[in-house]
Number of protein chains: 2
Amino acid sequence: MQSETIENYLKTIYHLSAGNSTIVNNKQLADKLKVIPATVTEAVKKLHELKLVIYEKSYGTRLTSSGSKMALNIVRRHRIWETYLANELGFGWDEVHEIAEELEHIKNDKLIKKLSEKLGNPSFDPHGDPIPDEKGKIQKSNFIKLSEAKLKNSYKIMGVTDHSTAFLKYLEKHQLIIGASINIKTIEEFDNSITLICQKKEVSISPKAAESIIAETL
Amino acid sequence: MQSETIENYLKTIYHLSAGNSTIVNNKQLADKLKVIPATVTEAVKKLHELKLVIYEKSYGTRLTSSGSKMALNIVRRHRIWETYLANELGFGWDEVHEIAEELEHIKNDKLIKKLSEKLGNPSFDPHGDPIPDEKGKIQKSNFIKLSEAKLKNSYKIMGVTDHSTAFLKYLEKHQLIIGASINIKTIEEFDNSITLICQKKEVSISPKAAESIIAETL
DNA sequence: TTATTATTTTTGGCTAACCAAAAAATTAAT
DNA sequence: ATTAATTTTTTGGTTAGCCAAAAATAATAA
Ligand SMILES: [Mn+2]
Ligand SMILES: [Mn+2]
Ligand SMILES: [Mn+2]
Ligand SMILES: [Mn+2]
């Protein structure tokens, strides 16, 4: 049985390699997992032994196909739980991530299946992130980061990549919620801050915020 | 933070001491927790340090009031989850215990509160066991073990104390389900086996089975 | 191309949970 | 009261995960 620790490593490697199995280095992992680099060195060695990653000394780590399969499964559990907590239990989208961080480690296929069914087998979680299916397949979408949006174009907000409570509260205040339609009014030359129209109101957004908002081109 | 291991010890001590803080010995704990007695000795020493139990060498262990409070809370989480799995997700009552064994360790008060609310703050789980409230109070009931039933009397099945899949399957087959009304037809002198009427059908039950069925006097 | 900085690895050590085997204590049987 | 059986404790040892400090590599800047 894979331990909770191993699962957290796999999931983190998956996220850091952006799905496409880019090489991940120890420092990144240490930062995300809140351990020191020495600990990561040990861990990735063991994951290599288990054939869940390929670890090349002093270079980096990437998931094997079986590691990737496992990671996708953890991501699925995490996002199913997030959706469930939000849609069925009435938790706010800023609360679900933390709880799902624990629930994701409960390994019971039937449980996840029942949860998913009850939700109508959703393909996206409350943050707009795709939920891998039982086989690990992820539904593609023509989403972009708002930082890549073009002037005058219209978009629909589909999700966020920063799940911090602070950020989510900020979005809610400006009614920049999932499903909201927006139009890009101006993009500042000198700092790339964006002004957009949302619910008839004008909102100005920093480049950093725009980087964390996922939108669909309309 | 109390570890999963500590929580399992507290819960097991609670169950073995039947709520009323009877002394529990190492052998019993070792058997239930599937570890060797030496491991239990170490563990109860630590629990004593933490002031969660009173451990008297070579004699036994009992919960302190803070240990008891904690145990009640774990039992509450366990039974809320069992009820939720059965009532909201459609799991069979023979499936829920195993899953709840894991879910019970997720410590998030708001989560349990939401689950409980959604269920209408139930006082009994699908096995008929009482669910302690937030303060640890358990609702009393005039339940008896079927092995204590009297001839000609009528009862309503309220729960079971043996949660094994085999036993629950057996009960289901004979329609001895929660809520069923029964009448005691005969009690054999020589082996205490019981014949009862349930759903117009006659069912014969071993003393061992009767010991594990909880019923309410009608 | 050195020198400086950042990252990675090694080494030694720690704690929580476990087990096996032997010794000690308790309980039950004769 | 002895003996035998059971339970408990002690001692020594293991593994998973972690950290701190030092040594080795790799990357960047001068
Ligand atoms: Mn999340
Ligand atoms: Mn996690
Ligand atoms: Mn149970
Ligand atoms: Mn448990």
Side-chain angles (χ1 to χ4, degrees), chain A residues 1-17 22-63 66-67 70-71 74 101-102 104-107, chain B residues 1-17 22-63 66-67 70-71 74 101-102 104-107:
Chain A
M1 284 300 92
Q2 71 273 38
S3 69
E4 199 162 314
T5 301
I6 287 180
E7 292 198 334
N8 282 334
Y9 269 93
L10 291 176
K11 195 185 66 166
T12 306
I13 294 168
Y14 173 82
H15 285 313
L16 288 174
S17 58
T22 318
I23 270 74
V24 172
N25 58 275
N26 291 359
K27 182 67 170 24
Q28 295 175 287
L29 277 170
D31 289 347
K32 282 277 178 199
L33 292 165
K34 308 250 171 78
V35 293
I36 68 170
T39 303
V40 174
T41 303
E42 272 179 3
V44 293
K45 273 182 190 170
K46 200 178 67 179
L47 290 173
H48 185 101
E49 289 301 310
L50 294 170
K51 297 196 194 295
L52 295 172
V53 307
I54 290 161
Y55 154 64
E56 287 171 270
K57 198 167 160 170
S58 286
Y59 173 60
T61 304
R62 64 183 200 277
L63 293 170
S66 88
M70 224 173 253
I74 301 156
E101 238 6 89
E102 293 191 58
E104 69 187 0
H105 300 292
I106 283 154
K107 282 165 285 296
Chain B
M1 286 299 94
Q2 71 273 41
S3 69
E4 201 162 313
T5 300
I6 288 181
E7 292 198 334
N8 283 333
Y9 270 92
L10 292 176
K11 196 185 63 166
T12 306
I13 295 168
Y14 173 82
H15 284 313
L16 288 173
S17 58
T22 317
I23 270 75
V24 172
N25 58 275
N26 291 0
K27 181 71 172 19
Q28 296 175 285
L29 277 170
D31 289 347
K32 283 276 179 202
L33 291 166
K34 307 247 172 79
V35 294
I36 69 170
T39 303
V40 173
T41 304
E42 271 181 2
V44 292
K45 273 182 189 170
K46 201 178 64 179
L47 290 174
H48 186 102
E49 290 301 309
L50 294 170
K51 297 195 194 297
L52 295 172
V53 307
I54 290 161
Y55 154 64
E56 288 172 88
K57 198 165 159 172
S58 288
Y59 173 60
T61 304
R62 64 183 200 277
L63 293 170
S66 89
M70 225 174 254
I74 301 157
E101 239 5 90
E102 293 191 58
E104 69 188 358
H105 300 293
I106 283 156
K107 283 166 283 296

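Order of the sequence lines sets the chain letters (A, B, ...), proteins ahead of strands, with each chain counted from 1. We use all heavy atoms of the structure for the numbers below, so side chains are in, but hydrogens, waters and symmetry mates are not.
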So if I take every side-chain heavy atom of B/N26 and compare against D/dC18, C/dC18, D/dT8, which nucleotide ends up nearest? D/dT8
Whole-Å distance between D/dG17 P and A/Y9 OH? 9 Å
N/O donor-acceptor pair under 3.5 Å between B/T12 side chain and B/N8 backbone: yes
The answer to which of B/V44 and A/I36 contacts DNA chain D further toward the 5' end, by nearest nucleotide, is B/V44
So does A/K46 get a side-chain nitrogen or oxygen closer than 4.0 Å to the phosphate oxygens (OP1/OP2) of D/dC18? no
Where the side chain of B/E42 is defined as all heavy atoms beyond and including C-beta, which of C/dC19, D/dA20, D/dT8 is the nearest nucleotide? C/dC19
Regarding B/K107 and A/E102, does a basic nitrogen lie under 4.0 Å from an acidic carboxylate oxygen? no
Report yes if a side-chain nitrogen or oxygen of A/Y55 is closer than 4.0 Å to either non-bridging phosphate oxygen (OP1 or OP2) of C/dT9; otherwise report no. yes
Look at A/K27 and D/dA26 and indicate whether a side-chain polar atom (N or O) is within less than 4.0 Å of OP1 or OP2. no
Identify, between A/S3 and B/V40, the residue whose nearest nucleotide on DNA chain D lies closer to the 5' end. B/V40
Nearest whole Å is fine: how far is C/dA16 P from B/E7 CD? 16 Å
Counting just side-chain N and O atoms, does B/T39 come under 4.0 Å of either OP1 or OP2 of C/dC19? yes
May I ask you to evaluate whether A/S58 reaches the phosphate of C/dT7, defined as a side-chain N or O under 4.0 Å from OP1 or OP2? no
Within this structure, what is the CG-to-P distance between A/N8 and D/dA16, rounded to whole angstrom? 17 Å
Rounded interatomic separation in angstrom, taking CG from B/L47 and P from C/dA17: 9 Å
Residue A/N25, side-chain atoms from C-beta onward, closest of D/dT7, C/dT7, D/dC18: C/dT7
Round to the nearest Å and state the distance from A/E49 atom CD to D/dG17 atom C1'. 17 Å
Test your reading of the model: is there a side-chain donor-acceptor pair from B/H48 to the backbone of B/I54, 3.5 Å cut-off? no
Rounded to whole angstrom units, what separation is found between the OH atom of B/Y59 and the C1' atom of C/dT27? 14 Å
Ignoring hydrogens, what is the shortest heavy-atom contact between A/Y9 and A/V40? Give both atom names and the distance. OH-CA, 3.9 Å
Please confirm whether the backbone N or O of A/V35 pairs with a side-chain atom of A/T39, one donor and one acceptor, at under 3.5 Å? no
Which one, D/dC18, D/dT8, C/dA21, comes nearest to the side chain of B/P37? D/dT8
With sugar-phosphate meaning primed atoms plus P, OP1 and OP2, does A/T41 contact a base, only sugar-phosphate, or nothing at under 4.0 Å between heavy atoms? base
What is the minimum heavy-atom distance between B/I74 and B/L10, and which atoms define it? CD1-CB, 4.4 Å
OP1 or OP2 of D/dA16 versus the side-chain N and O atoms of A/K45: is any pair under 4.0 Å? no
Taking CD from B/Q2 and P from C/dA17, how many angstroms apart are they, rounded to a whole number? 11 Å
Taking CD1 from B/I6 and C1' from C/dA16, how many angstroms apart are they, rounded to a whole number? 9 Å
